[in-house]
Each structure stands twice: as structure tokens, then as C-alpha cells.
Amino acid sequence: MDLPPGALCRLDHIPDGTAVAVDADLPDGPENLIVFRDGEAARAWINVCPHAGRRLDWAPGQFLISRGTLICAVHGASFRTGDGCCVGGPCRGQSLRTVPVRVERGMVWLAGD
């Protein structure tokens, strides 16, 4: 996919209510991110479950999302897509690590870029 330098992904390449995995260079180093689309907005988190430190995708870049929750494929922890807080499973009350993003010109960018 052709992206301008610094863009994470195109918003229109993420079906509404779903997520994709993208690699990003963060201040602390490279990370794989979950980018979730909510209408014309996007939210992002580090792709690591706080319970076991494993990725949440069940296959590379494929996420289980049901009724407003993102579900860890390994142990079934459920995270609200609105804020990344775990509402069910072994890490209830913990949260995914948020990565601030913005949508501009149809692209998802790190908020600080």
C-alpha cells in the first residue's frame, strides 16, 4: 500500500468496527500496533496483552472483535474498543497501552508526528 512517509495506514483500508496490525517506530523503539477504526476516527494500542505479554491477533493482523470488545486470541481477555480497558478474562481492570493517533487526509498518523 502506498503511504506518505510517517503514515501508519489508510483509514479506508480498515472496515469500520474492525482493526489491523501495523508496525510503528515509537520513541521507545519499534512496536506492532492494533489500529481500530470507529467511523472516521481511529484508536491504537500496542499489540500486547497485559496478561501474558503475547500479541492479541489470532493470525497476523487478524483480530477477534465482538460487541465492542477486542478479544485476546490466547486467553480470551476482552478489551473495550472505546478505551482498551479489560472487562473480562484474566487481566480484568488492566488496560492495553494506548498509542495516540490522529486521522488526517484519510490517513492514520501517530499523534505526535
Side-chain angles (χ1 to χ4, degrees):
M1 134 179 42
D2 253 352
L3 294 174
L8 296 174
C9 61
R10 294 180 54 89
L11 187 66
D12 63 3
H13 286 185
I14 310 169
D16 195 17
T18 68
V20 297
V22 300
D23 292 322
D25 288 322
L26 302 181
D28 294 338
E31 292 284 357
N32 186 261
L33 307 182
I34 302 164
V35 178
F36 175 78
R37 180 178 179 178
D38 185 8
E40 295 304 308
R43 286 186 279 287
W45 304 278
I46 302 287
N47 188 7
V48 174
C49 180
H51 168 241
R54 307 229 358 228
R55 290 173 60 120
L56 279 84
D57 35 359
W58 59 269
Q62 303 293 312
F63 298 94
L64 300 169
I65 298 174
S66 176
R67 298 184 197 151
T69 59
L70 171 65
I71 303 163
C72 177
V74 178
H75 295 104
S78 301
F79 302 89
R80 286 189 302 241
T81 57
D83 61 7
C85 182
C86 183
V87 293
C91 55
R92 185 182 304 266
Q94 295 181 20
S95 293
L96 298 173
R97 187 171 145 211
T98 300
V99 176
V101 294
R102 71 182 194 288
V103 176
E104 188 177 296
R105 299 184 317 270
M107 305 286 174
V108 180
W109 307 79
L110 293 172
D113 289 352

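For the numbers below, each heavy atom of this structure counts, side chains included, while hydrogens, waters and symmetry mates do not.
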Identify every side-chain donor-acceptor pair in residues 38-47 under 3.5 Å, counting partners at least two apart or on other chains, and give the distances.
residue: Asp38; atom: OD2; partner: Arg43; partner atom: NH2; Å: 2.9
residue: Glu40; atom: OE2; partner: Arg37; partner atom: NH2; Å: 3.2
residue: Arg43; atom: NE; partner: Thr81; partner atom: O; Å: 2.6
residue: Arg43; atom: NE; partner: Gly82; partner atom: O; Å: 3.4
residue: Arg43; atom: NH2; partner: Thr81; partner atom: O; Å: 3.3
residue: Asn47; atom: OD1; partner: Leu56; partner atom: N; Å: 2.9
residue: Asn47; atom: ND2; partner: Asn32; partner atom: OD1; Å: 2.9
residue: Asn47; atom: ND2; partner: Asp57; partner atom: OD1; Å: 3.3

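- The closest donor-acceptor contact from the side chain of Arg54 to the backbone of Cys49 lies at 3.5 Å or more, if one exists at all.
- With sequence neighbours excluded, the residues forming a side chain to side chain contact (heavy atoms under 4.5 Å, CB included) with Thr18 are Ile14, Pro15, listed by chain and number.
- A pairwise comparison of heavy atoms in Ala19 and Phe63 identifies O-CD1, 3.7 Å as the closest pair.
- Under the 4.5 Å side-chain contact rule for hydrophobic residues, Leu33 and Val48 share a cluster.
- Listed here is the closest heavy atom pair of Cys86 and Cys91: CB-O, 3.3 Å.
- Under a 3.5 Å cut-off, the side chain of Arg92 and the backbone N or O of Val87 do form a donor-acceptor pair.
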Q. Where do Leu110 and Leu26 land on the side chain to side chain contact (heavy atoms under 4.5 Å, CB included) test, with the steps shown first?
A. CA-CA 9 Å; Leu110 293 172; Leu26 302 181; 3.8 Å; yes

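- In this structure, Asp83 and Ser95 have side chains that are not in contact, with every pair of non-hydrogen atoms separated by 4.5 Å or more.
- Contact between Trp109 and Pro5 at its shortest, heavy atoms only, is CZ3-O, 3.4 Å.
- No path of Ile, Leu, Val, Met, Phe, Trp and Tyr side chains, each step under 4.5 Å between heavy atoms, connects Phe36 with Val22, placing them in separate hydrophobic clusters.
- Going from atom CD1 of Ile65 over to atom CD1 of Ile34 covers 8.5 Å, rounded to the nearest 0.5 Å.
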Under 3.5 Å, sequence neighbours excluded: what are the donor-acceptor pairs made by side chains of residues 66-73?
residue: Thr69; atom: OG1; partner: Ser66; partner atom: O; Å: 2.7

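- Arg10 CZ to Met107 CE: the interatomic distance, rounded to the nearest 0.5 Å, is 4.5 Å.
- Closest heavy-atom contact between His51 and His75: ND1-ND1, 3.3 Å.
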